[in-house]
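A short write-up of the structure that comes next.
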There are 2 protein chains.
Amino acid sequence: MESQDIKKAGLKVTLPRVKILEILERAENRHVTAEDVYKVLLDGGEEIGLATVYRVLTQFETAGLVTRHRFEGVHSVFELDEGRHHDHILCVRCGRVDEFVDKAVEERQQAIAEQAGYDMTDHCLYIYGICRNCRNGHA
Amino acid sequence: MESQDIKKAGLKVTLPRVKILEILERAENRHVTAEDVYKVLLDGGEEIGLATVYRVLTQFETAGLVTRHRFEGVHSVFELDEGRHHDHILCVRCGRVDEFVDKAVEERQQAIAEQAGYDMTDHCLYIYGICRNCRNGHA
DNA sequence: AATCCAGATGCAAAAGCTTCTCATTTCTAT
DNA sequence: ATAGAAATGAGAAGCTTTTGCATCTGGATT
């Protein structure tokens, strides 16, 4: 994923957009909030406004470079979209997020939609639980 | 569901709470926002503040009388909790919401959580699509 | 039935996330 | 290099939801 992708999306290749894309690529935690991105920019000495971060993330989402999730709570988290669909499993204690794809579930969803008379356009499945670490007391 | 349930929840049986519970019971659309409830109250000539609606809905949620969902978009929707778990399928065009339960999916979720090392505590599956009505042009 | 007080309410203000406005700056095609 | 369209920064505004606080009320006790 590079500045080429920005251009392909019909967006000018500007410093804020390049920086934000870099941050998304390098994020150790794939799922970041706008605020997270903003903080990294500040720490890196960049003078990029929070409004720009929101604008760019939304544009990236529209362009399909990024996916936006609304897990529990109010604010959005963003992750690079590498083209492979997946669902999420979240730890309610530490906030850890894992990804998974389950063929059986995918297929059932299609069938459920048909049965309900819907043309499925999208779906999201969030499983909440307590991860192994937290269960073992490694808070 | 009656005022008894309010008392059982450890809450005083007040006029706002009774009215709000009634509205939830009678809502033709089972899934309502706080604003929806507030409007019905106003139309009914009740002088109940929006803040109270939020407070009461949150208390009802805590008491298990009501379930809160955060579908796409920012605001919460509430529905009476009649004890039977279900998932949701939503029309992205008209906002219609249907409910379903699928045994296969439920079971797979449990398995997926285990495989990922999680103790599943909860989950939610939202299927988005276009409902029959909208597909037939009945916008 | 009158009294009392913790709990509940209304209102307005505040909070938190996100978007918008607009003057200024920066790409990029020429 | 230049011009024009697009993008940005800063702060104001928007929306949903929560909070602070003075007032009110349900319901337990006289």
SB check B:Asp5 B:Lys7 (cutoff 4.0 Å) = no

inquiry  = Pick the closest DNA chain D nucleotide for B:Val77 and for B:Arg55 by heavy atoms, then say which residue is nearer the 5' end.
reply    = B:Val77

query = B:Ala51 side chain: which of C:dG7, C:dC11, C:dC17 is closest?
reply = C:dC11

key: Phosphate-side-chain proximity, B:Thr33 and D:dT16, N/O vs OP1/OP2 below 4.0 Å   = no

ask   = Just wondering, are more than 12 heavy atoms of other shown residues or ligands nearer than 6.0 Å to CD in B:Gln115?
value = no

note = Per atom distances to the A:Lys12 side chain, the nearest of D:dA7, D:dT17, C:dG7 is D:dA7

task = Could you check how far CG of B:Leu41 sits from P of C:dG10, rounded to whole Å?
result = 9 Å

key: Nearest to side-chain heavy atoms of B:Val13, which nucleotide of D:dG9, D:dG27, C:dC17   = D:dG27

query = So what does B:Glu47 hit on the nucleic acid, given a heavy-atom distance under 4.0 Å: a base, only sugar-phosphate, or nothing?
reply = sugar-phosphate

ask   = Of B:Lys7 and B:Thr52, whose nearest nucleotide on DNA chain D comes first from the 5' end?
value = B:Thr52

ask   = Does the gap between the ring centers of A:Phe71 and A:His88 come in under 6.0 Å?
value = yes

inquiry  = Classify A:Ile48 by what it touches in the nucleic acid, base, sugar-phosphate, or nothing, heavy-atom distance under 4.0 Å.
reply    = sugar-phosphate

inquiry  = What I want to find out is whether B:Glu79 reaches B:Arg68 closely enough, with some N-O distance under 4.0 Å, to be called a salt bridge.
reply    = no

ask   = Is A:Tyr54 near enough to C:dT19 that one of its side-chain N or O atoms lies under 4.0 angstrom from OP1 or OP2?
value = no

ask   = Which one, D:dT17, D:dT8, C:dT9, comes nearest to the side chain of A:Val56?
value = D:dT8

